[in-house]
Amino acid sequence: DGVSITASDYAAIYAKNADKVFETMTEGTENTLTVSGDYVHTDDNNVDAVIFTKCDLTLGGSGSLTVKDTTGHGIVSKDDLVVTSGTYTIDSQDHCLNGKDSVRIADGTFTLTCDEDGIHAGNDDQQDGYIYIEGGDIDISVGDEAMHAEGLLIINGGDIDISKSYEGIEGYKILVTGGDIDVVANDDGFNAARPDSNGQSDGTQSTEDDQRQTDSFKRRTNDTETNRPELPEKGDRPGDSGTPGGPGMGAGMDADYDAYILITGGSININADGDGIDSNGYLGIAGGNVYVLGPSNNGNGALDYGIYATIAGGEMVAVGGSGMEQGFGDESTQCSALVNFDEWIDAGETITLTDSNGNKLLTYKADKKFDSVLISTSDMKQGETYTLTAGDQTSTFAMEDVTYSEAPGSMQGPGGDPDNGGMQRPDSTGNGGMQRPDSTGDGSDAGNSQNSDKRQNGGQDNSTLSTETLKNTESISI
């Protein structure tokens, strides 16, 4: 209630012995917590945050809290860190919000600035720390990752603006079901990678195991019930690291059969100087609107994946250099086209997709130069002919199959097998509980956010699709 605490060498608030701690701000109050110098350790715990708890910590209320630190973290819980409401301004040297087991945000307004991660879940000795975002207005400007989860990272809603980061959103497994997300990254915009090996497989998995995991992934993407998740129950944390598996195919050295990115809804704008969306395992888009400004060079790609990528719904535009391009594979159930142009196209030009009758199906203004476009919309149909125009260059192509590609060799991942079954778009039916995937594995040109003039609803009716509940999963609720 209007608290102002300044400590010179220790946490302003330290909970050493408790089961749960609740910090509630009275309506209309302004509260400030500051650590002004280097931390001096007085016990066996490495206390290095303005608020430091050895137990579960829940923050809420309708006031505001400003946290300032020049040498350590902002807020740390060595168990679960939950935020239900409130306004938070955190400026720290290390992570702003750090939960060893989880960070879960139901609502609130956040301005997060630091040299490390804005929101971080996990620790060096575990891979199951997870992040869950249900809502809120979250502005992040950081020197490392805006969000980093050692395990699962779910974004189900909220308005997330990442204006500065090295990598935007990173987790071992990433699921986006909703929200408005804008990412500016010096390296990758989205990155799914194994936390203990920079995303590289340890090579111990057999071909038979790989195939079993591939079959498991197909079941989950074909028959997934994706009703709106709830925040995890206190004391009911996911105990595994959750995953779809990987195929028994000749994937590259960086292929990880447990990593994935799955997008079923929301609006996502990515501006990345590295890879726009990078999964060392699988990439699936089953709804929402995804727009990627990839690198304006041939050293990275707008999309990068280790095993395979599919699209079954939503709208997608990804632009970048053609040197490392990858498109969607024949497992997809929605048409897509990967088109290369003869010359680089200047930043600020508009991309337009028209059908054979001259009807505009999609337009997109790209604020970075590019010579490659990956495009997909539900209006594209097999057997039809389309024209893609960018600046003064055009490409006309016939959609003979579910995918059209002008990439050399029509890449579908290293050694990709096109006969992997169709990925069905998950059914999104409202506010029920979503069950998380089970675990079989171990745990800049900034540009402006882009908007297509045709924003489709990523949660359209999918009554023709099956909705078999994920097996061996846990419900997530607060």
Side-chain angles (χ1 to χ4, degrees), residues 89-92 95-97 105 109-120 131 133 136-149 153 155 157-171 174 176 178-193 261 263 266-279 283 285 288-304 315-321 324 345-349 351 364-370 372-374 444-452 455:
T89 301
I90 303 176
D91 189 347
S92 61
H95 310 324
C96 291
L97 297 174
I105 296 175
T109 301
F110 302 82
T111 301
L112 306 179
T113 306
C114 68
D115 292 340
E116 296 295 329
D117 299 347
I119 302 174
H120 183 101
I131 293 173
I133 310 293
D137 293 320
I138 305 173
D139 293 333
I140 302 177
S141 176
V142 296
D144 203 353
E145 282 128 27
M147 297 185 189
H148 175 95
L153 192 156
I155 299 174
D159 188 345
I160 299 169
D161 184 6
I162 299 169
S163 59
K164 176 187 174 185
S165 67
Y166 178 70
E167 290 197 337
I169 293 174
E170 181 174 79
I174 299 172
V176 178
D180 293 314
I181 305 167
D182 294 302
V183 176
V184 174
N186 291 338
D187 194 24
D188 299 342
F190 276 44
N191 184 31
I261 297 172
I263 299 168
S267 177
I268 300 172
N269 291 279
I270 296 171
N271 185 336
D273 288 341
D275 297 319
I277 299 177
D278 183 355
S279 173
L283 169 62
I285 296 178
N289 303 281
V290 182
Y291 310 104
V292 178
L293 289 173
S296 295
N297 56 62
N298 289 321
N300 290 284
L303 296 190
D304 182 19
E315 180 174 286
M316 172 80 173
V317 182
V319 304
M324 299 291 288
I345 297 164
D346 291 335
E349 295 289 356
I351 298 165
Y364 175 78
K365 182 182 177 184
D367 282 351
K368 294 170 77 172
K369 74 173 186 177
F370 62 95
S372 177
V373 177
L374 174 62
S444 166
D445 176 7
N448 295 321
S449 296
Q450 304 303 310
N451 292 291
S452 166
R455 292 210 169 243

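From a predicted model like this one, the values you see are computed outputs, not experimental measurements.
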Check: Do F110 and L97 have side chains that get closer than 4.5 Å, going by heavy atoms?
Finding: yes
Item checked: Side-chain heavy atoms of M147 within contact of I140, under 4.5 Å -> yes
Check: Within the side chain of K368, is there an N or O that forms a donor-acceptor pair under 3.5 Å with the backbone of G294?
Finding: yes
Next item on the list: Determine yes or no for a side-chain-to-main-chain donor-acceptor pair under 3.5 angstrom, with N289 supplying the side chain and S267 the backbone.
Entry: no
Next item on the list: Could you tell me whether the side chain of D144 reaches within less than 4.5 Å of the side chain of D115, counting heavy atoms only?
Entry: no
Note to self: I want to check something: taking the side chain as every heavy atom from C-beta on, are I351 and F370 in contact at a cut-off of under 4.5 Å?
What the structure shows: yes
Notebook entry, point to check: So, do V373 and Y364 sit near enough that their side-chain heavy atoms are less than 4.5 Å apart?
Noted result: no
Next item on the list: Please examine the side chains of M316 and L303, heavy atoms only from C-beta on, and report whether any two atoms are closer than 4.5 Å.
Entry: yes
Note to self: Does either side chain, that of H148 or that of E170, offer a donor lying less than 3.5 Å from an acceptor on the other one?
What the structure shows: yes
Margin query: Any non-hydrogen side-chain atom of I155 less than 4.5 Å from a side-chain atom of I169?
Written below: yes
Next item on the list: Please answer whether the main-chain N or O of G301 pairs with a side-chain N or O of D275 as donor and acceptor at a distance below 3.5 Å.
Entry: yes
Note to self: Checking the side chain of H95 only, and the main-chain atoms of E116 only, is there a donor and an acceptor separated by less than 3.5 Å?
What the structure shows: no
Note to self: Do V184 and S163 make a side-chain contact, defined as non-hydrogen atoms from C-beta onward lying under 4.5 Å apart?
What the structure shows: no
